[in-house]
Amino acid sequence: MSALDDQRVRLAFLEIGSEDARNLESLEPVLEKHADSVVAAFYRHLLSFEETHRLLADPDVKSRLLVAQREYLLSLADAPIDAAYFASRRAIGVTHMRVGLEPRWYLGAYALYQRLLVPLIWEHHRGNPPLIERIVISLHKRLMLDAQLAMESYIEHREERLAFLNAELTTASRELGRRYDREHERLREVSERVRAAEELASVATIVAGLAHEIGTPMGVIQGHAKMLE
């Protein structure tokens with residue numbers, strides 16, 4: 001399936017259309033007014049958990065997170081859903097994988113954003129419940145699409161990383177096999193030399209014994225020969 005066909009299928013499955021884009025345009029003033037406070041609340045929530053608190057201990061990481069999250073919130077109202085949109089949402093999943101943020105945390109972030117934004121939408125459009133309903137539904141669709149893309153990207157790159165590690169392990173295993181074969185051959189040669197040395201030692205022992213056995217009677221014969229002389 002081509003990338004374009006994949007996008008069409010995803011949007012059709014989530015029933016995301018032009019009406020959702022119009023609904024989310026009504027979200028823009030809410031986001032412009034409350035983006036900083038929503039990001040701050042999001043950040044405080046992350047700090048309440050040891051795992052995410054540890055990831056945000058670096059000031060540079062914190063700064064990039066706050067800027068990125070503000071930009072993300074504002075993009076919910078006006079970003080057209082095209083190839084660039086899909087690429088940017090997939091990049092979020094890659095970033096999460098690189099910093100070590102597990103899916104349970106960033107998937108929960110999408111739910112957290114919806115929880116934070118719905119009361120603000122209700123407050124801003126208080127006199128128009130039908131519009132509120134449409135905005136909330138369209139926001140939910142958009143967040144689910146973003147979560148889907150980020151999650152799939154995370155899994156794909158994780159699988160690529162695992163495939164790379166498997167290839168490295170296979171290469172290392174082959175090299176160990178070759179080393180084993182070389183060491184085995186070397187040990188075989190050493191064993192053969194040891195056996196040859198043992199055989200020579202056995203021959204030397206036999207020769208020494210024979211020399212002793214022959215030397216004794218020869219000494220007697222030599223003695224008698226001298227007496228006869």
Side-chain angles (χ1 to χ4, degrees), residues 1-43 46 55-56 60-118 120-121 124 131 134-164:
M1 181 183 296
S2 68
L4 183 59
D5 289 337
D6 177 69
Q7 293 174 23
R8 289 172 178 168
V9 170
R10 290 176 187 273
L11 296 181
F13 187 79
L14 292 172
E15 297 183 338
I16 296 177
S18 57
E19 182 180 352
D20 294 295
R22 290 192 295 270
N23 292 336
L24 291 176
E25 287 177 0
S26 302
L27 184 60
E28 186 170 2
V30 178
L31 296 175
E32 289 286 351
K33 181 178 180 180
H34 299 285
D36 291 333
S37 61
V38 171
V39 170
F42 170 75
Y43 178 70
L46 292 181
L55 289 174
L56 299 175
D60 291 336
V61 174
K62 171 189 172 182
S63 177
R64 290 197 299 270
L65 172 72
L66 296 180
V67 172
Q69 293 305 309
R70 189 179 192 281
E71 292 176 350
Y72 172 74
L73 281 176
L74 295 177
S75 73
L76 292 173
D78 61 0
I81 302 180
D82 52 17
Y85 181 94
F86 274 72
S88 66
R89 268 35 181 185
R90 287 194 172 97
I92 293 175
V94 176
T95 301
H96 290 156
M97 184 195 69
R98 288 175 179 170
V99 301
L101 191 64
E102 296 180 358
R104 56 175 173 157
W105 300 113
Y106 67 80
L107 290 178
Y110 292 104
L112 176 61
Y113 274 141
Q114 182 160 343
R115 179 175 64 80
L116 293 172
L117 289 173
V118 168
L120 299 176
I121 296 171
H124 187 83
L131 176 60
R134 292 197 300 272
I135 293 174
V136 170
I137 292 174
S138 296
L139 175 63
H140 179 74
K141 293 179 183 179
R142 180 70 66 95
L143 291 174
M144 290 301 99
L145 173 63
D146 292 353
Q148 181 187 87
L149 293 171
M151 182 65 184
E152 290 181 0
S153 178
Y154 177 96
I155 293 173
E156 288 172 2
H157 283 77
R158 186 92 175 198
E159 289 178 345
E160 289 176 2
R161 178 61 178 168
L162 289 175
F164 172 78

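Note that the structure is a prediction, hence the values are computed from the model and not measured.
- For residues 25-42, every residue pair satisfying the side-chain hydrogen bond (donor to acceptor under 3.5 Å, both in side chains) rule, not counting sequence neighbours, is listed here: D36-R70.
- In this structure Y113 satisfies the ring pair (Phe, Tyr, Trp, His ring centres under 6.0 Å) test together with F42, sequence neighbours excluded.
- Under the ring pair (Phe, Tyr, Trp, His ring centres under 6.0 Å) criterion, Y72 pairs with no residue at all, not counting sequence neighbours.
- With sequence neighbours left out, the side chain to side chain contact (heavy atoms under 4.5 Å, CB included) criterion links R8 to L4, D5.
- Of the residues listed (L27, V30, L131), the one engaging H124 in a side chain to side chain contact (heavy atoms under 4.5 Å, CB included) is V30, and it is the only one.
- Listed by chain and number, the residues in a side chain to side chain contact (heavy atoms under 4.5 Å, CB included) with V118 are Q114, V136 (sequence neighbours excluded).
- For the atom pair CD1 of I16 and NE2 of H140, the computed distance is 10.0 Å after rounding to the nearest 0.5 Å.
- By the side-chain hydrogen bond (donor to acceptor under 3.5 Å, both in side chains) test, Y43 pairs with no residue at all, sequence neighbours left out.
- In this structure, the side chain to side chain contact (heavy atoms under 4.5 Å, CB included) partners of E19, at least two apart in sequence or on a different chain, are R22, N23, R134.
- Within the 4.5 Å cutoff, the side chain of L31 has no heavy atoms near those of the L120 side chain.
- For residues 135-148, the pairs satisfying salt bridge (Lys or Arg N to Asp or Glu O under 4.0 Å) are D20-K141, R89-D146, with sequence neighbours left out.
- S88 places a side-chain N or O within 3.5 Å of a backbone atom of Y85 that can act as its donor or acceptor partner.
- For the atom pair CG of L73 and CG of L117, the computed distance is 6.0 Å after rounding to the nearest 0.5 Å.
- For the residue pair I135 and L24, the shortest heavy atom distance occurs at O-CD2, 4.2 Å.
- With sequence neighbours left out, R10 forms a side-chain hydrogen bond (donor to acceptor under 3.5 Å, both in side chains) with D6, Q148, E152.
- A pairwise comparison of heavy atoms in A83 and Q7 identifies CA-NE2, 3.7 Å as the closest pair.
- Residues passing the side chain to side chain contact (heavy atoms under 4.5 Å, CB included) test with A21, sequence neighbours excluded: none.
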